[in-house]
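For the single chain, residues carry numbers from 1 onward in sequence order.
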Amino acid sequence: MNSFFMDWNNDKEVISSMEEDIMVTNADGIIIKVSKGSGSHYGVEPESLLGESVYDLERKGVFKPAITPEVLKKKKKVILVQKAGSGKKILVTGIPVFNETGKIDHIVSYSYDVSELLVIKEYLNSVEEEMARVKSELDLLRNKSIKMDGMIADSLAMRNIAETIRRIRDVDVTVLLLGESGVGKSALAKWIHQNSTRKDGPFIEVNCSAIPESIFEAEFFGYEGGAFTGAKNKGKMGFAEMAKGGTLFLDEIGELSAHLQAKLLKFIQDKQFYRVGGTKPVQADFRLLAATNKDLEKAVESKDFRQDLFFRLNVVPLKIPPLRERKEDLFALIHYFLHSISKRHNRERQLERSLVDHLLQLEWKGNVRELENLMERLIVTSTSLMITKEDLPYEYHMQGKKDGFIDYEGQSLPAVLEEVERKVLINARKRYRTTTEIAGALGISQPSVVRKLKNMIVNTYFGMNIALKNSRANIAFTSNAGFRRG
């Protein structure tokens with residue numbers, strides 16, 4: 001049991017001279033001693049507390065709850081928060097004073113105003129809640145913006161692709177990657193492998209257009225020793241066997257001949273194969289990914305690609321849009337390549353703002369591959385820390401002059417800004433499906449998008465009416481946005 005002993009006669013004067021808020025009550029709850037600082041938290045003079053009962057003071061609302069009853073009840077030190085009549089929060093500590101027989105004679109209490117501390121605590125709690133909310137939003141943004149081996153997923157189209165991969169990563173379903181040359185099909189195939197259950201297995205990439213047809217079967221399925229002239233005596237393992245337990249990626253699959261398409265179809269259907277010159281079947285154990293820059297559906301229609309093989313491959317098709325259609329990814333890719341290539345060549349480089357703006361206006365017909373090649377060229381050939389527009393090859397200077405130029409000669413600034421806003425809104429309407437998506441992309445509220453689009457339509461409508469009235473042709477504007485002659 002905690003106890004507090006004191007020589008009462010010697011300590012009374014000490015207590016009365018102290019500036020802190022200290023009070024002494026007897027076992028009946030009567031205040032018998034106060035310090036100079038007593039009562040300051042409650043808005044009363046210290047002398048007025050002498051002889052008062054803490055029970056009466058509690059009923060009058062001077063403070064609540066009284067600490068003396070709690071100490072008498074628990075017979076040990078008690079700490080609690082009182083609320084003063086003024087609204088202040090007071091931290092009070094009560095200590096029992098025992099006599100020689102073990103009974104409580106007095107209770108000594110001292111207090112501190114903790115109102116400011118409680119406000120700080122509430123503020124910290126609110127900050128913690130806000131940080132938790134921000135953290136969850138950052139986690140969401142990290143999921144939406146995925147970067148791995150040059151793959152950027154900031155645009156809506158790439159986020160949808162990333163989400164599809166998350167849904168299928170635990171199953172060995174065949175994925176067909178479609179898109180123009182250079183959009184990043186190989187990088188995305190590696191990304192799929194690294195996020196699959198087979199990530200610890202090998203990733204075997206086969207470029208179907210780079211292997212001559214005459215040796216494709218031997219390279220793909222392998223061969224036994226002495227199977228043909230020039231074959232190794234011990235034979236050779238093929239790509240299909242090397243991919244055991246991992247992922248087999250067939251790039252440029254649209255370039256396969258009809259003969260090899262038939263071989264591949266049987267291989268996919270049977271889940272086994274024979275080495276060239278072999279008689280023992282080898283079981284296939286891998287996940288199949290394929291990619292092409294050709295339109296396989298048109299190739300099927302023209303009989304250049306087997307329909308049955310197309311259906312085998314086209315289980316989960318992922319069409320990667322060209323870089324010119326996902327400008328949101330372009331900015332992130334520029335900085336990704338800047339840092340990764342600079343690190344690879346041990347050259348610290350920065351990009352001038354005007355150069356970045358210029359790069360964002362280019363068409364990038366070679367897609368991500370073209371961008372990566374240009375960034376590496378700029379980094380290794382530039383002679384200063386800051387890479388500027390002057391460092392660009394001539395052909396990239398000429399491209400930028402054709403695209404995105406606004407003729408502001410003879411126009412007021414409001415007119416130029418209105419024209420810029422109109423073009424931005426038109427492009428956003430083409431790219432996004434809803435006004436909410438447009439708002440998110442442009443960094444404004446959804447009601448602002450609706451208002452701006454409405455104003456743009458109204459201005460266009462009245463502009464057309466003025467032009468029609470001034471023309472000699474009697475043309476009426478119909479409700480279905482078409483024209484009819486009057």
Side-chain angles (χ1 to χ4, degrees), residues 1-140:
M1 179 182 296
N2 292 331
S3 60
F4 183 81
F5 296 97
M6 62 187 297
D7 185 340
W8 189 247
N9 291 325
N10 294 334
D11 291 340
K12 284 192 292 184
E13 294 305 320
V14 174
I15 292 175
S16 63
S17 65
M18 296 182 73
E19 299 291 340
E20 286 80 4
D21 179 9
I22 300 176
M23 287 193 294
V24 179
T25 60
N26 60 22
D28 295 324
I30 304 300
I31 300 173
I32 60 174
K33 197 67 184 174
V34 295
S35 65
K36 287 183 178 180
S38 296
S40 59
H41 298 322
Y42 309 113
V44 297
E45 294 297 324
E47 293 80 8
S48 66
L49 294 173
L50 288 173
E52 291 284 345
S53 167
V54 295
Y55 299 100
D56 292 337
L57 294 173
E58 183 179 25
R59 281 193 294 269
K60 293 176 182 178
V62 176
F63 51 70
K64 187 176 182 180
I67 196 168
T68 296
E70 294 296 318
V71 175
L72 291 170
K73 178 181 177 181
K74 297 179 179 179
K75 292 182 171 58
K76 63 179 183 179
K77 184 170 87 170
V78 175
I79 302 174
L80 55 79
V81 176
Q82 281 183 347
K83 183 176 181 180
S86 60
K88 288 183 177 181
K89 299 292 181 65
I90 312 299
L91 181 67
V92 184
T93 301
I95 302 175
V97 179
F98 296 89
N99 58 25
E100 292 79 0
T101 63
K103 291 184 178 181
I104 297 177
D105 271 350
H106 303 90
I107 295 93
V108 178
S109 63
Y110 55 91
S111 62
Y112 300 95
D113 185 355
V114 294
S115 299
E116 292 184 3
L117 292 176
L118 292 176
V119 170
I120 293 173
K121 181 183 177 182
E122 290 176 3
Y123 173 73
L124 290 175
N125 288 337
S126 67
V127 169
E128 287 179 359
E129 292 176 0
E130 181 68 13
M131 290 297 293
R133 183 186 65 79
V134 171
K135 182 178 181 300
S136 65
E137 290 181 359
L138 285 174
D139 291 339
L140 180 61

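Residue S109 holds its OG atom at 8.0 Å from CD1 of I31, rounded to the nearest 0.5 Å. Distance check: Y110 OH to I22 CD1 gives 9.0 Å after rounding to the nearest 0.5 Å. We find the CD1-CD1 distance between I79 and I67 to be 8.0 Å, quoted to the nearest 0.5 Å.
Scanning all heavy atoms of the two residues, the minimum distance from M23 to V34 falls at CG-CG1, 3.8 Å. Across all their heavy atoms, V81 and K89 have their closest contact at CG1-CB, 4.2 Å. The shortest non-hydrogen separation linking N26 to D28 is OD1-N, 2.9 Å.
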Under 3.5 Å, which donor-acceptor pairs link side chains of residues 49-62 to any protein atom two or more places apart or in another chain?
unit_1	atom_1	unit_2	atom_2	d
S53	OG	Y55	N	3.2
D56	OD1	R59	NH2	2.1
E58	OE2	A66	N	3.4

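With sequence neighbours excluded, the residues satisfying side chain to side chain donor-acceptor pair (under 3.5 Å) with D105 are N99. Evaluation of the side chain to side chain contact (heavy atoms under 4.5 Å, CB included) rule for I104 yields L72, K75, P96, F98, I107 as partners, not counting sequence neighbours.
A donor-acceptor contact shorter than 3.5 Å links the side chain of Q82 to the backbone of P65.
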